[in-house]
Amino acid sequence: MSQNSSPGLNKTLGTVQLWGIAVGLVISGEYFGWSYGWASAGTLGFLVTSTFIALMYTTFIFSFTELTTSIPHAGGPFEYSRRAFGPTGGYLAGFATLVEFVFAPPAIALAIGAYLNVQFPTLDPKTAAVGAYVVFMTLNILGVQIAAMFELGVTLLAIFELLVFMGVVSPGFSVANFVKGGWAGQDSFSLASIPGMFAAIPFAIWFFLAIEGVAMAAEEAKTPKRSIPIAYIGGILTLVVLATGVMVFAGGAGDWTKLSNLNDPLPQAMKLIVGENSGWLHMLVWLGLFGLVASFHGIILGYSRQIYALSRAGFLPEVLGRVHATRHTPHFAILAGGAVGIAAIFSDQLITLGGQTLTANIVTMSVFGAIVMYILSMASLFKLRISEPKLERSFRAPLFPWVPGFALLGALVCLATMVYYNPLMAGVFLGLMAVGYVYFLSTARRRESLLHTGSKKPGADLVGAAGLSSVTR
């Protein structure tokens, strides 16, 4: 079957399902990854960093929603930047989004393996991680409605589990535990605390990373202009509350330094309160998997739609833009992203750089992609306000230009500090971008061809409305 005769995506997603995707994409960030920030910033320093990042994300989401509702396209940030800045802008945003969404799942899969290893010590975490890929790629191929309902269910269970965690450890919570050495190992703030706070930025971002992935499901929403704003705003508020609660209660449970370099900080924090043999601990491990699964499953949905959209526009090989004839899911895109993620899981020597753990470096790489995409998205918002003032905007960023301006400034600060503290990973990111750019240049003729056949392609009405002419402008 040629790509031109391939079926399109189904419009089946409602508001609650989109909220479930928004929260589910991110909620694993409340279970692991963030505690690496304590290692450099301490609990109090990281609290300051996380507050800044939460404010950046809140302003970003209120601004990003304008783009998502104005251009409800499976390409999300790729399509916004392509429309604003032409094909090169589209490439940069598409590449950054792919890095974010393709590198986040292996980090989550390794955390799933670590959680399972607590229950089954003989089980290799990497083997479990690969098994997770197989199971959830299959589920995503079966259909978006099935995938979305599963996502909503596990997200609700994950939220319940985080509330249980806070309730169980609360009797043993101590402010003294939380503040001890809270400024990068010191009990009081000093100028020496500041570098660690900046170095912790990637792990504060991990609290909220990938919420923007709802944009990739916009083409499958029944009423995107109404449901997406509700899903986004409700999602970011939910996550801010959960992130703050988890961080504070875990830090006050005991010696937080023992949790700062682990893939399973919540079970280990609970162990400090209830002991190793408590039924609460075993319940946390099993239910904690729901949070990891929710994000893992949701991000597979996100990366597959990004790969699909890039292929459909001629930025990736044609086969990746095909949709299953009966399931109406981008099955080749799902499998391709999974292959990259599984390779990353077994790339210890390749990406264990700068003395960081494998998980920490995968998290950092994913965050690099996210931050570059945030910058391009906010720049696209400003550009489209100027170049297309008559574009239908059912939701407008509040307090323009101040709210999107803060989001843009915050993202620029994050990028600068990440490059400074992670030069090796920044080099890897730029190297991958350069390789991708060579492919981008080599496929210009195919994009030119698609420009002339776009009206015959699946979803052409939507793509055309979103600026298909920008492929070669």
Side-chain angles (χ1 to χ4, degrees), residues 25 28 33 74-78 91-113 125-141 206 209-210 213 216 292 295-313 315-322 329-353 357-370 372-373 424-440 443:
L25 281 164
S28 68
F78 149 71
Y91 162 71
L92 293 174
F95 170 83
T97 307
L98 271 185
V99 169
E100 176 190 2
F101 277 79
V102 170
F103 277 90
I108 300 170
L110 286 168
I112 290 174
K126 290 185 178 181
T127 300
V130 174
Y133 262 104
V134 173
V135 170
F136 294 106
M137 284 193 298
T138 301
L139 185 58
N140 266 277
I141 290 172
W206 190 248
L209 184 81
M216 269 72 93
L292 303 177
S295 291
F296 185 67
H297 174 64
I299 295 176
I300 289 176
L301 187 151
Y303 80 58
S304 63
R305 271 57 180 180
Q306 183 68 192
I307 293 173
Y308 163 77
L310 287 167
S311 172
R312 187 173 65 180
F315 286 68
L316 288 175
E318 179 181 356
V319 66
L320 299 177
R322 294 179 182 174
T329 51
H331 51 307
F332 288 119
I334 291 170
L335 295 172
V340 175
I342 291 172
I345 288 172
F346 291 96
S347 299
D348 302 60
Q349 299 303 316
L350 178 63
I351 59 176
T352 305
L353 302 173
T357 66
L358 173 63
T359 298
N361 275 331
I362 292 176
V363 167
T364 301
M365 178 64 76
S366 181
V367 172
F368 264 117
V372 171
M373 183 270 283
L424 290 175
M425 294 307 295
V428 173
F429 179 82
L430 287 174
L432 291 174
M433 180 180 286
V435 171
Y437 190 66
V438 171
Y439 179 83
F440 165 75
T443 55

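In this structure, Thr443 and Glu318 have side chains that are not in contact, with every pair of non-hydrogen atoms separated by 4.5 Å or more. Proximity of Arg322 to Pro330: side-chain heavy atoms (C-beta onward) are nowhere separated by under 4.5 Å. Between Leu335 and Ile141 the shortest side-chain heavy-atom distance falls below 4.5 Å. Between Leu316 and Leu98 there is a side-chain heavy-atom pair separated by less than 4.5 Å.
Atoms NE2 and CG, on His297 and Leu25 in that order, are 9.5 Å from each other to the nearest 0.5 Å. The structure places CD1 of Ile334 at 4.5 Å from OG of Ser304, a figure rounded to the nearest 0.5 Å. Atom CG of Leu320 sits about 10.5 Å away from atom NE2 of His331, to the nearest 0.5 Å. Note that CG of Leu424 is 11.0 Å distant from OG1 of Thr364, once rounded to the nearest 0.5 Å. Once rounded to the nearest 0.5 Å, the distance linking CE of Met433 with CG of Leu92 reads 5.5 Å.
A search for side-chain contact (heavy atoms from CB on, under 4.5 Å) contacts involving Ala109 returns Ala129, Tyr133, Phe296, Ile345, not counting sequence neighbours.
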Pair up each side-chain donor or acceptor in residues 100-108 with any protein partner under 3.5 Å, not counting sequence neighbours, and list the distances.
residue	atom	partner	partner atom	Å
Glu100	OE2	Ala210	N	3.3

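A ring-ring contact (aromatic ring centres under 6.0 Å, His included) with Phe315 holds for exactly one of Tyr308, Phe78, Tyr91; it is Phe78.
Using a distance-only test at 3.5 Å, with no hydrogens or angles considered, no donor-acceptor pair links the side chain of Ser311 to the main chain of Ile307.
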**Item:** Worked verdict on Ser366 versus Leu209 for side chain to side chain contact (heavy atoms under 4.5 Å, CB included)
**Value:** CA-CA 9 Å; Ser366 181; Leu209 184 81; 3.3 Å; yes

